[in-house]
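Worksheet: the structure to be examined is printed underneath.
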Amino acid sequence: MIANVDPNTIVYLNGDYTRLADAKVSVLDRGFIFGDGIYDVVPAYKGQAFRMDEHLGRLERSLKLIGLEVNYTRQDWEKLVLDMLARVSQGQDCMVYLHVTRGAAKRDHAFPANTTPTVFCMVTPFERPSVAREKGLTAISIPDVRWLMCHIKSISLLGNVLARQQAVDAGVDEVIQFRDGYMTEGSSTNIWVVKDGVLLAPPRDNLILEGIRYRLLEELAAKAGIPFEARPISEAEVEAADELLLTSATKEVLPILQYNGKPVGTGQLGPVYQALRAGYDQILDQLEG
Ligand code: PDD
């Protein structure tokens, strides 16, 4: 038994829909041995997938970037997500977790020949942020010690796990990582800076995972008439921000109101956050309506 997990929930593994407790993977699976695989997380509201095309596009890009060929077309991925939602979601808000590894093989770092990839999918309940929307979050800065291919949604997440634990140990909600004096991202979120009414984010390069909310926030900013710039952002600029925001599939868009123990800007919800939040809610209302 695994704490807080329903053993009877249905998961997908290599073509079969099965109870979680019955889903088994070889100890020689390269996901287990090497962390050799990729994943994605698609949010679903009232059982309806949100931005599924974008998430599946990123899943396919991640597969390509690690040279992992898997016999699933875009239609197969879509069908998998929709089937899992139909079987498990019960019309609730949830997350669809998709995971692909290079499969089981004799332990050898090089790619194995003739190995079938492992494909796994589970749906887990998801509670939309509520209190944090008004109360805001806290964050601290830490050095980014991860590898240089953070644009791949790799299952090798040790750097992100250690980063997240630093937040927990410090009693804050998230870390903001810096490499060579410039902001990269959170442990599992993208970070946004607002200065003089302009929304800033780091460039979409190999140093961050481009969240599906990256383009979404750009769209919402454009709609709200908020100028947007993607460029390197220094530690000093983060310190002097009028507003700090974070985004992810599970956090949606939330304000960071305390950074390194000090209030961000006025310490209150800022106008850019409020405009983007309203835009995000409006899109979700349309989805549900
Ligand atoms: N994390 N950066 C990192 C390192 C992430 O792990 C995530 C998402 C994001 C935001 O991406 P998106 O907007 O597509 O959720 C940025 C997911 C939710 C996770 O690992 O559970």
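Both Leu269 and Leu217 sit in one connected hydrophobic cluster of ILVMFWY residues. Membership requires side-chain heavy atoms under 4.5 Å apart, directly or through other members. By the rule that hydrophobic residues join a cluster once side-chain heavy atoms approach within less than 4.5 Å of another member, Val96 and Leu82 end up as members of one cluster. No continuous path of hydrophobic side-chain contacts links Val41 to Val119 [ILVMFWY only; heavy atoms under 4.5 Å]. When the side chains of ILVMFWY residues are joined at heavy-atom separations under 4.5 Å, either directly or via intervening members, Phe120 and Leu28 end up in two distinct hydrophobic clusters. Linking Ile, Leu, Val, Met, Phe, Trp and Tyr whenever their side-chain heavy atoms come within less than 4.5 Å puts Tyr72 and Leu59 in one cluster.
Under a 4.0 Å N-O distance rule, the pair Arg133/Asp281 qualifies as a salt bridge. Ion pairing between Asp108 and Lys106 fails under the 4.0 Å rule for side-chain N and carboxylate O. The pair Glu210-Arg215 counts as a salt bridge, with a side-chain nitrogen and a carboxylate oxygen less than 4.0 angstrom apart. A salt bridge is absent between Glu239 and Lys195; no separation between the charged side-chain nitrogens and carboxylate oxygens falls under 4.0 Å. With respect to Arg213 and Glu54, no salt bridge is recorded, no charged nitrogen being found less than 4.0 Å from a carboxylate O.
For the residue pair Asp83 and Tyr12, no side-chain donor N or O sits within less than 3.5 Å of a side-chain acceptor on the partner. Side-chain contact annotation: Asn206 with His151, donor-acceptor N/O pair under 3.5 Å absent. No hydrogens or angles considered: a donor-acceptor pair under 3.5 Å links the side chains of Asp29 and Thr118. Judged by distance alone, the side chains of Asn160 and Ser187 never bring a donor and an acceptor atom under 3.5 Å apart.
Summarising the geometry of Ala163 relative to Gln177, their closest heavy-atom pair is CB-OE1, 3.9 Å, with the distance given to 0.1 Å. Minimum interatomic distance between Phe126 and Ala249 (heavy atoms only, all atoms of both residues): CZ-O, 4.0 Å. The two atoms that bring Leu276 and Ala221 nearest to each other are CD2-N, 3.6 Å, heavy atoms only. Between Ala132 and Pro255, the shortest heavy-atom contact is O-CD, 3.7 Å. Listed here is the closest heavy atom pair of Gly35 and Ser156: O-OG, 2.6 Å. For the pair Ser89 and Gly47, the tightest heavy-atom approach, listed with the atom from each and the gap, is OG-CA, 3.6 Å.
Within the 4.5 Å cutoff, side-chain heavy atoms of His55 are placed close to those of Pro43. Taking the side chain as every heavy atom from C-beta outward, Leu216 and Ile283 approach each other to under 4.5 Å. Between Ser62 and Ser154 the shortest side-chain heavy-atom distance does not fall below 4.5 Å. Counting heavy atoms from C-beta on, the side chains of Leu68 and Pro117 come closer than 4.5 Å. Using a 4.5 Å heavy-atom cutoff, the side chains of Leu85 and Cys94 are in contact. Considering only heavy atoms from C-beta on, Cys150 comes within 4.5 Å of Glu185 through its side chain. For the pair Asp242/Val272, no side-chain contact is recorded, criterion being any heavy-atom separation below 4.5 Å from C-beta on.
For the atom pair CG (Leu246) and CD1 (Ile176), the distance works out to 8.0 Å, reported to the nearest 0.5 Å. Met84 CE to Tyr17 OH: the interatomic distance, rounded to the nearest 0.5 Å, is 7.0 Å. For the atom pair CD1 (Ile226) and CG (Leu199), the distance works out to 7.0 Å, reported to the nearest 0.5 Å. Note that CG of Leu13 and CE of Met122 are 12.0 Å apart. Values are rounded to the nearest 0.5 Å. The line from OG1 of Thr138 to CD of Gln258 is 6.0 Å long, rounded to the nearest 0.5 Å. Note that the CD1 atom of Ile233 and the CG atom of Leu200 stand 5.0 Å from one another [nearest 0.5 Å].
Gln48 places a side-chain N or O within 3.5 Å of a backbone atom of Leu287 that can act as its donor or acceptor partner. At least one donor-acceptor pair closer than 3.5 Å links the side chain of Glu243 to the backbone N or O of Tyr273. At least one donor-acceptor pair closer than 3.5 Å links the side chain of Asp205 to the backbone N or O of Leu207. Using a distance-only test at 3.5 Å, with no hydrogens or angles considered, a donor-acceptor pair links the side chain of Asn190 to the main chain of Leu209. Not a single donor-acceptor pair under 3.5 Å links the side chain of Glu60 to the backbone N or O of Gly57. Although no hydrogens or angles enter the test, the distance criterion places a donor-acceptor pair under 3.5 Å between the side chain of Asp76 and the main chain of Thr73. Checking side-chain atoms of Asp93 against main-chain N and O of Lys46 turns up a donor-acceptor pair under 3.5 Å.
For the side chain to side chain contact (heavy atoms under 4.5 Å, CB included) with Ile191, the qualifying choice from Leu245, Ile256, Val238, Ile208 is Ile256, the only one to do so. None of Arg61, Arg58, Lys153 except one satisfies the salt bridge (Lys or Arg N to Asp or Glu O under 4.0 Å) rule with Asp40; the exception is Arg58.
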Chi angles and distances behind the side-chain contact (heavy atoms from CB on, under 4.5 Å) call for Leu56, Leu98: CA-CA 9 Å; Leu56 295 180; Leu98 292 160; 3.8 Å; yes

Should Tyr45 and Arg128 be marked as a side-chain hydrogen bond (donor to acceptor under 3.5 Å, both in side chains) after you check the CA-CA gap, both sets of side-chain angles, and the distance that decides it? CA-CA 9 Å; Tyr45 292 92; Arg128 292 191 59 193; 4.7 Å; no

The test is salt bridge (Lys or Arg N to Asp or Glu O under 4.0 Å); show your working for Glu219 and Arg51 and say whether it passes. CA-CA 13 Å; Glu219 285 168 29; Arg51 299 253 153 166; 3.1 Å; yes

Candidate pair Leu257 and Leu137, rule side-chain contact (heavy atoms from CB on, under 4.5 Å), full reasoning: CA-CA 6 Å; Leu257 295 183; Leu137 301 176; over 6 Å; no

Just do the side-chain contact (heavy atoms from CB on, under 4.5 Å) check on Lys251 and Ser188 with the steps written out, would you? CA-CA 10 Å; Lys251 302 279 188 271; Ser188 52; over 6 Å; no

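For the pair Arg102 and Phe111, the distance from NZ or CZ to the six-membered ring centre is under 6.0 Å and the angle to the ring normal is within 45 degrees. By the 6.0 Å and 45° rule, Arg277 stacks over the aromatic ring of Tyr280.
Ring geometry for Trp192 against Phe228 counts as tilted: the plane angle lies between 30° and 60°, on a 0 to 90° scale. Below 30°, between 30° and 60°, or above 60°: for His109 and Phe34 the angle between ring planes is between 30° and 60°, a tilted geometry.
The side-chain hydrogen bond (donor to acceptor under 3.5 Å, both in side chains) search around Ser141 returns Asn260, not counting sequence neighbours.
Ring centers of Tyr97 and Tyr39: under 6.0 Å apart, within the cut-off.
In Glu127, the CD atom is not crowded: 12 or fewer heavy atoms of neighbouring residues, nucleotides or ligands sit closer than 6.0 Å. Within a 6.0 Å sphere centred on CD of Gln165, heavy atoms belonging to other residues, nucleotides or ligands number more than 12. Other residues, nucleotides and ligands contribute at most 12 non-hydrogen atoms within 6.0 Å of the CG atom of Asp180.
Taking Ile, Leu, Val, Met, Phe, Trp and Tyr as members and joining any whose side-chain heavy atoms lie under 4.5 Å apart, directly or through other members, the hydrophobic cluster of Val172 also contains Ile140, Ile142, Val175.
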